[in-house]
Amino acid sequence: MSLFEDYILSQKAYFESKWFEILRIPSISAIEEFQPHIRHAANWFRDHFQGIGLCSELIETTGYPLVYAETPAVAGSPVVLVYGHYDVQPPDPLELWKSPPFEPTIRDGNVYARGATDDKGQFLTHVFAVESLLKSGETLPFQIKFIVEGEEEYGGKAIDHFLHSDEGQKKLACDCVLVSDTSMFGPGQPTITYGLRGIVAFELFLTGPNRDLHSGTFGGSVFNPAIALTQILSQFIDEKGIVQIPQFYDDVIPLTERERTQFAALPFDDAAFFEKIGLTQGFGEIGFSTNERRWARPTFDINGLTAGYQGEGSKTIIPSKASAKWTCRLVPNQDPQKIADSVREFVAMRIPSGVTWELVVQHGAPGMRLDLDASEFVNPMATVLEKTFARPTVFTREGGSIPIVAEFQRVLNADVLLVGWGQDDDALHSPNEKFALQSFHAGILASARFFNELAQQQKKQ
Ligand code: BES
Ligand code: MN
Ligand code: MN
């Protein structure tokens with residue numbers, strides 16, 4: 001055991017107490033009134049970085065602040081940028097939480113809180129790793145930078161704008177972007193995620209009559225916007241799970257046979273997967289396995305529907321308004337803007353007369369994929385993961401989106417290494433979000449070993 005490894009093992013209580021501090025701050029980016037907490041969380045990170053001797057600052061944006069920190073630059077050596085987000089999803093429905101979302105609570109070896117895994121706990125593993133290396137006297141012969149954003153969970157553009165500014169290009173320049181905001185392929189199974197899906201999000205507003213109408217007096221003589229909405233939405237996807245938007249699949253790169261074989265070789269039990277979420281079977285595009293559908297095929301999904309009376313009992317009306325939110329998950333090479341244009345045309349052609357409409361494209365980001373064979377950071381990471389978890393690393397793709405990562409690859413010309421410590425059943429975005437204490441501590445150790453491995457490589461040169 002090296003000094004830094006002993007140090008990490010001795011500091012578990014301290015790491016947990018700092019983690020709990022940030023979990024108590026309800027930094028919900030989607031809801032305006034939580035803005036003071038957003039700033040509080042950003043300040044917390046800056047203060048923590050400064051406290052461990054890093055140069056750190058808040059970067060103001062037109063939206064929520066970014067937090068930047070760095071160790072000293074080392075000429076001629078690689079730079080690793082660690083990315084994370086300090087914002088969280090809204091916690092509702094509150095009544096389904098067993099303990100309050102912003103009071104971290106330990107049960108059966110897990111910490112329950114909003115943001116426990118997504119992404120405060122996961123991101124902090126790298127902060128504590130660097131902190132431990134420095135406090136146990138290691139020198140870092142290469143530079144580590146941190147960038148933490150506060151708009152990831154609502155698709156905000158602040159970090160994207162910063163990345164395209166002169167200051168951003170300088171501060172974020174790096175060779176490798178390290179991100180822990182994904183999952184492991186099962187408990188204790190070290191995983192490198194080499195692909196994520198992109199996303200494009202829509203909201204459609206339909207208006208019929210200028211007020212809710214008596215459905216007896218007017219029913220049968222006007223177009224009901226709720227019916228218009230359901231008729232339009234029902235045409236987006238067919239019974240075989242194939243999305244009906246014209247040109248939707250045009251730019252999709254088909255899965256290679258090699259990739260399909262690799263996915264199929266991963267230990268995965270369909271029945272158990274669906275049972276965990278209360279289903280007896282899945283549904284999706286015909287001709288693809290569950291993991292192919294989740295990781296490497298584009299989708300259409302309705303996220304929310306609103307129209308008419310939803311209170312107790314019955315109310316006989318024709319609603320004045322109806323609206324829906326939906327998202328398409330995209331795969332690498334699909335362009336969110338192009339998909340948004342096709343969707344607009346698809347909707348426009350289906351609006352009945354007597355109904356007015358507004359379609360808002362809320363946000364969009366492309367998917368990403370790392371060329372595993374071309375990255376010099378993959379092997380050192382796979383090696384330290386294997387050492388830490390005592391099992392060979394597997395390589396997967398995932399279906400979620402981290403909007404900025406594809407742009408990091410493109411603009412910074414850096415390899416994005418997605419190494420998650422979470423589990424698929426950590427309930428991110430759901431009530432009772434959790435993160436296993438064991439994964440948290442293993443993540444700190446693995447991260448420190450990764451940085452140490454890069455340090456050894458540098459010292460040899
Ligand atoms: N950490 C997730 C992304 C994720 C989830 C990756 C599961 C892999 C597996 C991230 O915080 C997230 O929730 N992203 C949003 C982005 C959206 C709001 C623009 C998503 O995927 O819905
Ligand atoms: Mn996240
Ligand atoms: Mn999230």
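Keep in mind it's a predicted model, so treat the numbers as computed, not measured. Atoms within each ligand, like the ligands themselves, are counted from 1 in listed order.
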- For Glu149 and Tyr83, what are the C-alpha separation, side-chain angles and deciding distance, and is it a side chain to side chain donor-acceptor pair (under 3.5 Å)? CA-CA 8 Å; Glu149 70 157 311; Tyr83 162 84; 2.5 Å; yes
- Message: Under a plain distance cut-off of 3.5 Å, with no hydrogens placed, do Glu131 and Tyr14 share a side-chain donor-acceptor pair?
- Response: yes
- Query: Between the side chains of Asp341 and Gln337, does any donor sit under 3.5 Å from an acceptor?
  - Reply: yes
- Message: Measuring centre to centre across the rings, with the benzene-like ring taken for any Trp, is Trp44 within less than 6.0 Å of His48?
- Response: yes
- Counting only protein N, O or S atoms and ignoring waters, those under 2.8 Å from the Mn ion (ligand 3) are Asp118 OD2, Glu153 OE1, Glu153 OE2, His429 NE2
Per-pair distances, ligand 1 N/O vs protein N/O, less than 3.5 Å:
residue: ligand 1; atom: 1 (N); partner: Asp118; partner atom: OD1; Å: 3.3
residue: ligand 1; atom: 1 (N); partner: Asp181; partner atom: O; Å: 3.0
residue: ligand 1; atom: 1 (N); partner: Asp181; partner atom: OD1; Å: 2.8
residue: ligand 1; atom: 1 (N); partner: Asp181; partner atom: OD2; Å: 3.0
residue: ligand 1; atom: 11 (O); partner: His85; partner atom: NE2; Å: 3.1
residue: ligand 1; atom: 11 (O); partner: Asp118; partner atom: OD1; Å: 3.0
residue: ligand 1; atom: 11 (O); partner: Asp118; partner atom: OD2; Å: 3.4
residue: ligand 1; atom: 11 (O); partner: Glu152; partner atom: OE1; Å: 2.8
residue: ligand 1; atom: 11 (O); partner: Glu152; partner atom: OE2; Å: 3.4
residue: ligand 1; atom: 11 (O); partner: Glu153; partner atom: OE2; Å: 3.2
residue: ligand 1; atom: 13 (O); partner: Glu153; partner atom: OE1; Å: 3.2
residue: ligand 1; atom: 13 (O); partner: His429; partner atom: NE2; Å: 2.8
residue: ligand 1; atom: 14 (N); partner: Glu152; partner atom: OE2; Å: 3.2
residue: ligand 1; atom: 14 (N); partner: Ser401; partner atom: O; Å: 2.8
residue: ligand 1; atom: 21 (O); partner: Arg329; partner atom: NH1; Å: 2.8
residue: ligand 1; atom: 21 (O); partner: Arg329; partner atom: NH2; Å: 3.4
residue: ligand 1; atom: 21 (O); partner: Ser401; partner atom: N; Å: 2.9
residue: ligand 1; atom: 21 (O); partner: Ser401; partner atom: O; Å: 3.3
residue: ligand 1; atom: 22 (O); partner: Arg329; partner atom: NH2; Å: 2.8

- For the residue pair Phe45 and Phe146, is the inter-centroid distance of their aromatic rings smaller than 6.0 Å? no
- Message: I need the full list of side chain to side chain donor-acceptor pair (under 3.5 Å) pairs touching residues 364-373, with sequence neighbours left out, sorted by first then second residue.
- Response: Glu259-Arg369
- Item | Sub-6.0 Å ring centroid separation between Phe236 and Trp326 | yes
Expected list for residues 177-189: side-chain donor-acceptor pairs under 3.5 angstrom, two or more places apart:
residue: Ser180; atom: OG; partner: His126; partner atom: NE2; Å: 2.7
residue: Ser180; atom: OG; partner: Val419; partner atom: O; Å: 2.6
residue: Ser180; atom: OG; partner: Trp421; partner atom: NE1; Å: 3.3
residue: Asp181; atom: OD2; partner: His85; partner atom: NE2; Å: 3.1
residue: Thr182; atom: OG1; partner: Gly420; partner atom: N; Å: 3.2
residue: Gln189; atom: OE1; partner: Arg391; partner atom: NE; Å: 3.4
residue: Gln189; atom: OE1; partner: Arg391; partner atom: NH2; Å: 3.0
residue: Gln189; atom: NE2; partner: Pro392; partner atom: O; Å: 2.9

- Atom OG1 in Thr327, atom CZ in Phe300: separation rounded to 0.5 Å? 8.5 Å
